[in-house]
Structures are given as structure tokens and as C-alpha cells.
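Report on the structure given below.
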There are 2 protein chains.
Amino acid sequence: MLGKRREREREKRRKTILKAAKSLFSKQGANPVTISDIAKKAELSKGAIYLYFSGKEEMRAQILLDDIEKFHREVLPIFKGGDSASEVLIGFAHMYVDFFLRDRALFRILINFMMHANSLNLSDDTNRRIILETNRAISVTENIFQFGIDKGEFLLRKEDVMAMRNSLWGMLNGIISLHLFIGRESTREKRIHSGINECLNIFIEGLKKSK
Amino acid sequence: MLGKRREREREKRRKTILKAAKSLFSKQGANPVTISDIAKKAELSKGAIYLYFSGKEEMRAQILLDDIEKFHREVLPIFKGGDSASEVLIGFAHMYVDFFLRDRALFRILINFMMHANSLNLSDDTNRRIILETNRAISVTENIFQFGIDKGEFLLRKEDVMAMRNSLWGMLNGIISLHLFIGRESTREKRIHSGINECLNIFIEGLKKSK
DNA sequence: TAAACAAAGGTCAAATTATGACCACCGGTC
DNA sequence: GACCGGTGGTCATAATTTGACCTTTGTTTA
């Protein structure tokens, strides 16, 4: 059992490392960021880093989970008062894709996590947070569908919401991975978003007609 | 050799302890402050205190040296533009006495130090600082005498400055110790200061006539 | 293709810092 | 003088940090 002060100082140091890592990640130019770089920036030894994080993956995961949490906290509420469910859905989809396109590491971690949860050795707490954030994002899409149903905009049986949600989820992730892993660097944002719109239009078209 | 950050943090911790000690010392009511009190206030263990200070005496000494330094830095310059050397001398004397009357511990440390240098086991650095501050205060009184001589206000041979300085020094310390050790608690500030004025008047009288 | 190599991730014994149970000593009480 | 409560101070132990060293990985070279 640690005293209050020590706990406080430990948390502070953790934040320092995360901050250092984030600043390096964000401007990682030609060469990728190394643990030693982070240690140097945080004014700590390399060994010390491993006292706070299980490895680089965990650091990335935590940084990016912070971002997702922020996303859910600040960005999503904007759509709460949206006009039509379709618009809300489209808005969310673009934001979601944009968000992950900005840092492929998070997406890799998430996908990796969903595929084979324990290939990266993240801490228990980080795993829990990933599950939580994933579920929260899932419930957002579910809510959008429900919103559409309640409004009479989407003709969708309640039992099919989950299937649709998975479908949307898969579609968005598919688009993201397409552009992250297969797509060229030169792939322009514009193209991505027009692609999303095409897909979503078909999707929504179906929703409005179904059953 | 310690790294920059560690040195910074060590200094910060030292300051924290000193701050805690100071706040306790300043409001030490009925019962005196213990090391454990300080440790508790500083959110550290008792043992840790001894990693930063050789003991309570050293803490007191350092706190009070900080005060003396502040005194020399901020209070003394006020008199620099004084009218007559006599006024400057009187102003300084009152301040000096007031300063030490506020905390008898500093005075005891100083006297102890001047009598038998190493009875308290202060660190080398603290000893050095005491010597420095003592010398500085001495030079201040010397400067006042010189100021008076230059102005033609004090009729004093240059060779006698040191003797006069020691004399003043002894007088002030005598007054302080009189009130700190012998004087009753009920001794009023007023009485002290009128006493100082009496002594100084005689002193200055002599200065103006001497040689 | 295999060997050599560089660079990064990761480990660990040693150094530094912090803890709190413990001891010695002092002043007061019976 | 024996006892006792409390305080200054010590020290074995624990927690944290370091940097040299080992391991892995991917690339160049013979």
C-alpha cells in the first residue's frame, strides 16, 4: 500500500512519460520514435519507462484511448441534436473514419485486439479500457439506429439493429483498413470521404426500404 | 553525479520540507515542533528528513538563513538613500534587533556558532552560509560608519572603524540576548526600542565627538 | 544464402531514495 | 533512584531509478 503522496507522484510521472511520448509520436517525421527517445524526452532512463508501461504498444494504446475518450466526450454530443438519423449517421461515420485515419497505430491496436486480444501484451487495465471504449462506440451506432427507428425514418425491426450495427461497423473498419493498409499514401481525403458517402448512401437506402 | 532532473527534484523536495517546517515553526503554539510533525506535514517519513537535513538545528538554520538573506536583499537597501548616517545607523539597529527578536532560535544558532563553531552539527554548506551572512552584516555596519565618516558626520579615524563596528555589534547582540534570555515575556517592544535608542544615542554622541 | 551488422526492444544488478519499526536519551514523576 | 512518555536519531528493508548489457529483428554485404 502506497501513501497518498507517492501515488500522486507516480501518476504525475506516468503523465509526464505519456506527454513526452505523445509529443514525439505526433511529429514523428522520417524515423519512428524509439523507447530511448521517449525516455530521453521524459528525462528518465529506459528502464524506468518499463516500470510504468509494459511497452511501446501500451503507451500508444493509452495515449490513443485518451483520445477516443475525448472523442466520445466532446465530439459525439454535437450530433445529439441532429436533424435526421441519416445525417447523424453520416456525420458520425466521417468522424469515426477521420479519427482513425489520423493515427494508424490506434486502429492497428484496436483491430489486433478484436482479432486476437492478447498478441500485444497490454496491461489488464488497458485491455479493460479498450473493451469499454469499443462497447461505447458500438452503443453509439446502436443508438443512432434506434433514433432512426423511433423517428420512423429507418424501417428496421428491433431485432435487426445488431446486425445492422455490425454491418456498419465492418463497413467503416473496412474502409479505414483499406486506406491505411492497402491504399497509397497519395490517397486523398476527398476520395476517402466520397467513398464513405457512396457506401453510406447505399446503406441508408437499404435501411429506409427494409422490411 | 546526478542527472539534471533528479537534482531539480531533490531541490524541490528539500524546499517542500523547509516550507513545512517553516509553517509549523511559525505557529508553534504550546508544544514545540517535532521532526515527526515536520515529516507528517511534508508527507514524508521521518527517515527521509535526515536524507535532506542533518537534524532540526540545520533546518532552523537554513530557514533562518533564508530570512537573513532576504533581510539583506530587501530590507537593507531601504536605508541606502538615508539622510544622515546617524539615522541610517539607528534604522539598521532597530531592524536588526527586531529581526532576531522574532525568532530566538536563529539568534541562539548564530551566537552558538560564533562562540564554539561546531557544537551543533550543521552541514558544511550551512556553516559556510552562516559565515557569509555574518560577514555581510558586519560589512553593512562598517559601510554605515564609512558613510558617516565620508559625510563628515562621524569624527572617526579609519583605523577605529573595526573597533566601533565590534562595539556596536556587541551592543546590539547584548540587547537582544538580554531580552531573549533574561527579559520577561511581558517585556514590551516599546521598552526594547527605547532602550536601543538610549544606547545608540550615547554611541552616536561618542562618535560625533571622538578624536 | 548465410554471415555480419546496426538499431531497437527489453532485462537486471546496482545505486539512489523512502519507509517505519526500533533504540537511546532526556526531563519529569513517584 | 527506578520508571515512563515522548523525542531525536538510526537502520534494515522496500520502492524507485539507472544504464550497461542481452535479445530480437531487419538489412546490408560477401
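Just so it is clear: chains get the letters A, B, ... in the order the sequence lines come, proteins before strands, and each one is counted from 1. None of these values were measured; they are calculated from a predicted model.
For the pair R10(A) and Y52(A), the cation sits on the ring face: its NZ or CZ lies under 6.0 Å from the ring centre, inside 45° of the axis.
With sequence neighbours excluded, no residue satisfies salt bridge (charged side-chain N to carboxylate O under 4.0 Å, His left out) with K46(B). For R6(B), there are no salt bridge (charged side-chain N to carboxylate O under 4.0 Å, His left out) partners, not counting sequence neighbours.
In this structure, Y52(A) reaches the sugar-phosphate backbone alone: every heavy-atom distance under 4.0 Å involves primed, P, OP1 or OP2 atoms, never a base. Using a 4.0 Å heavy-atom criterion, one finds that I35(B) contacts the sugar-phosphate atoms exclusively.
Checked for salt-bridge contact, E7(A) and K12(A) miss the test: no charged N lies under 4.0 Å from a carboxylate O. Salt bridge absent: R13(A) and E9(A) never bring a charged side-chain N and a carboxylate O closer than 4.0 Å.
Atom CG of D37(A) is separated from atom P of dA7(C) by 13 Å (rounded to the nearest Å). In this entry the distance linking CZ of R8(A) with P of dA15(D) reads 19 Å, nearest Å. Between the P atom of dT7(D) and the CD atom of E57(B) lies a distance of 16 Å, rounded to the nearest Å. Note: CZ (R13(A)) to P (dT18(D)) measures 7 Å, nearest angstrom. As rounded to whole Å, 10 Å separates atom P of dT17(C) from atom CZ of R5(B). The interatomic distance linking I49(A) (CD1) with dT16(D) (C1') rounds to 13 Å, in whole Å. Following rounding to the nearest Å, E58(B) (CD) and dG8(D) (P) show an atom-to-atom distance of 16 Å. We find that OH of Y50(A) is positioned 12 Å from C1' of dT23(D), with the value rounded to whole Å.
When the nearest nucleotides of DNA chain C are assigned to E9(A) and K56(A) by heavy-atom distance, the more 5′-ward of the two goes with K56(A).
Near DNA chain D, defined here as any heavy-atom distance below 4.0 Å, the residues from residues 40-48 of chain A are L44(A), S45(A), G47(A), A48(A), listed numerically.
Taking only side-chain nitrogens and oxygens, R10(A) never comes nearer than 4.0 Å to OP1 or OP2 of dA18(C). Regarding contacts with the backbone of dA15(C), every side-chain N or O of R6(B) stays at 4.0 angstrom or more from both OP1 and OP2.
Proximity of R14(B) to F53(B): side-chain heavy atoms (C-beta onward) are separated by under 4.5 Å at one or more points. Side-chain contact between M59(A) and I49(A) is present, with at least one heavy-atom pair separated by less than 4.5 Å.
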